[in-house]
Each structure stands twice: as C-alpha cells, then as structure tokens.
Amino acid sequence: MIILKSPREIERMRVACRMVAEILELLKSRVKPGITTSELEAFANDEARKRKAKPAFKGYCNYPSALCCSPNEQVVHGLPTVEPLKDGDILSLDFGILYDDFYGDAAVTLPVGAVDPAVTALLKATEESLYEGIAKALPDGRLFDISHAIQVYVERRGYSVVRDFVGHGIGRSLHEDPQVPNYGHAGKGVRLKPGMVLAIEPMINQYSYEVKTLDDGWTVVTNDGGLSAHFEHTVAITESGPDILTRLTSV
Ligand code: MF3
Ligand code: CO
C-alpha cells in the first residue's frame, strides 16, 4: 500500500531530509586519503546527535552502523572499518535519519583524492542518471518511467544497473511501498500521484550488474570486482513536479 503524504507532512519530511543533506555535505569535505570510514561513522553519529535526530540504519534489521560506507567494488551496505582510504579510491556514503516521526535517506559516491577519468565518468553518469529518473517523478506518470530513464541513461554509456537492490517509498517508515527499480519499461508500473515520496537510488556497476553479499551478511560487492557507484535522493511528487527533499539548501 502506498501512503500519500499531505503538503504539511512533506514539509516535516523536508526537515529530516535537509539534515541528511547537510550531514552528507559535511562528510564530503572529510573524505580524503588517510581518513578511515570509522571516523566518518563517528562524525555522522555526532552530527545526528547535535540535531536530535536518530540515525535510521543502525539497528535496522540489525545493521550495525549509522553510515553505510561502500568503497570501490562495494555496491551498498558496506560497514565502517579502520582501514585508511587511499588516493584513487571511490567511496559511497549512504545516510538516513529519523526526525519528527519521518525518515530522510540519501547517498553520494565520492572520489578519494585523484581518480582515473574513467572513474569520474562512472560517478558522473550515476549521479546524472538519478536526475534523469527524478525528472520523470511527475503526477500522472508511471513508476517505471523513472526506472526506464535511469536504465537507458547508464546503459547507453556502457554501465549496468544493479537488479538485486532497488529504491523505495519512504515516510514514517524507512522502507514503504512502492519498490523503485532502476530498470524497467516506460509507461508501466503504478500511476504516480502528488503526495508520493520516493527514495530513488541508482546503483550502477562499471561492468556486469551481478552482485554478491559477503560473509558479514551485509556488504554487497560486484561479482566481477569492477567499481560501483550509488546516488540517492528522497523526492516528493507534487502537483508542480518533483521536489528533491534531500537537496542541500544551506549548511
Ligand atoms: N539507503 C539504503 C536503503 O534505503 C540503506 C539501508 S541500510 C540498512 O535501503 F541497513 F538500513 F538496511
Ligand atoms: Co534508500
């Protein structure tokens, strides 16, 4: 069942979502060669605490951390470690909070120091595919218009769309209906309506879309060892079009 949000509820979600955007922005400036993802995890927890917000992921299905830290071939759900990041790595950071009864959820993939131009191209295409999808988050559109726009954008550039993980509705729960795949047929899927709030999150692999989960039960990696990028926004569908709630307005 898809739970529609009133304009007032969307304004409450915007507060939580803005906090997520701010904290990701603060994290971005800390991602450099030599820093560890455990340090980023501690920082994210501190920033949530300062805002009286609860990290959304810690404890969700027993996930152990507040921040998902997924370097290089890790796709999603990577765990913080004490290993320093190296020049040329990439790092996906996925963060969510609960504030005033509502969740916000967003992710970015960042270069660590100087990365190869081919790697920059993967990050850019993944982020742009998210905006291609968001542009289809229109009242009276169909859910898979979003999915299709993402898929076409990345496959044209030779990348592949992860099948095993998808975006989701979001609101008073972190994961609500509908599931939002990053591949699909335009014109299919449920009709989009004002008041739907979706976490749209393309996970894009450099080579094959196949992934596997490591023995820790969480860390998802590419099967072939290729790189993977992930960008996510929480987006409300309004009468006048998509409203990106996790867009940074000011820190
Ligand atoms: N952004 C991801 C999601 O919405 C992060 C979830 S991590 C988990 O699915 F630990 F909470 F599962
Ligand atoms: Co999400």
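Quantities reported herein were computed from a predicted structural model and do not represent experimental measurements. All heavy atoms count here, side chains included; hydrogens, waters and symmetry mates do not. In this chain, residues are counted from 1 in sequence order. Just so you know, ligand 1 is whichever comes first in the structure, and atom 1 is the first atom listed for that ligand.
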#### Entry: ligand 1 contact by K58, heavy-atom criterion under 4.0 angstrom
no
### Minimum non-hydrogen distance to atom 1 (N) of ligand 1, winning option of T234, L67, I170, D94
D94
Does atom [atom1] of [X] have more than 12 heavy-atom neighbours, drawn from other residues, nucleotides or ligands, at distances under 6.0 Å?
X: K5; atom1: NZ; answer: yes
X: E128; atom1: CD; answer: yes
X: F43; atom1: CZ; answer: yes

Contact atoms of ligand 1, heavy-atom distance to [X] under 4.0 Å:
X: E232; answer: 1 (N)
X: C68; answer: 7 (S)
X: H168; answer: 3 (C), 4 (O)
X: D105; answer: 1 (N), 3 (C), 4 (O)

### Message
Does I97 form a side chain to side chain contact (heavy atoms under 4.5 Å, CB included) with R51? I'd like the steps, not just the answer.
### Response
CA-CA 10 Å; I97 60 159; R51 292 167 175 78; over 6 Å; no
### Task
Identify the two heavy atoms, one from A199 and one from D105, that lie closest to each other, and give their separation to 0.1 Å.
CB-OD2, 4.3 Å
Measure from the side-chain N and O atoms of [X] to the backbone N and O of [Y], and report whether any donor-acceptor pair falls under 3.5 Å.
X: S92; Y: T109; value: no
X: R191; Y: D140; value: yes
X: D145; Y: G187; value: yes

### Task
Less than 2.8 Å from the Co ion (ligand 2) is the window; count the protein N, O or S atoms in it.
4
### Task
Answer with yes or no whether the side chains of H233 and Y131 bring together a donor and an acceptor at under 3.5 Å.
yes
### Query
Looking just at side-chain N and O atoms, do T36 and S38 make a donor-acceptor pair shorter than 3.5 Å?
no
### Under-4.0 Å heavy-atom contact with ligand 1, by part of W218 that carries it
side chain
#### Entry: Charged N-O contact under 4.0 Å between R12 and E9
no
N/O to N/O below 3.5 Å, does that happen between [X] and ligand 1?
X: H77; result: no
X: Y60; result: no
X: Y63; result: no

### Query
What is the closest protein heavy atom to atom 3 (C) of ligand 1, and at what distance does it sit?
H175 NE2, 3.2 Å
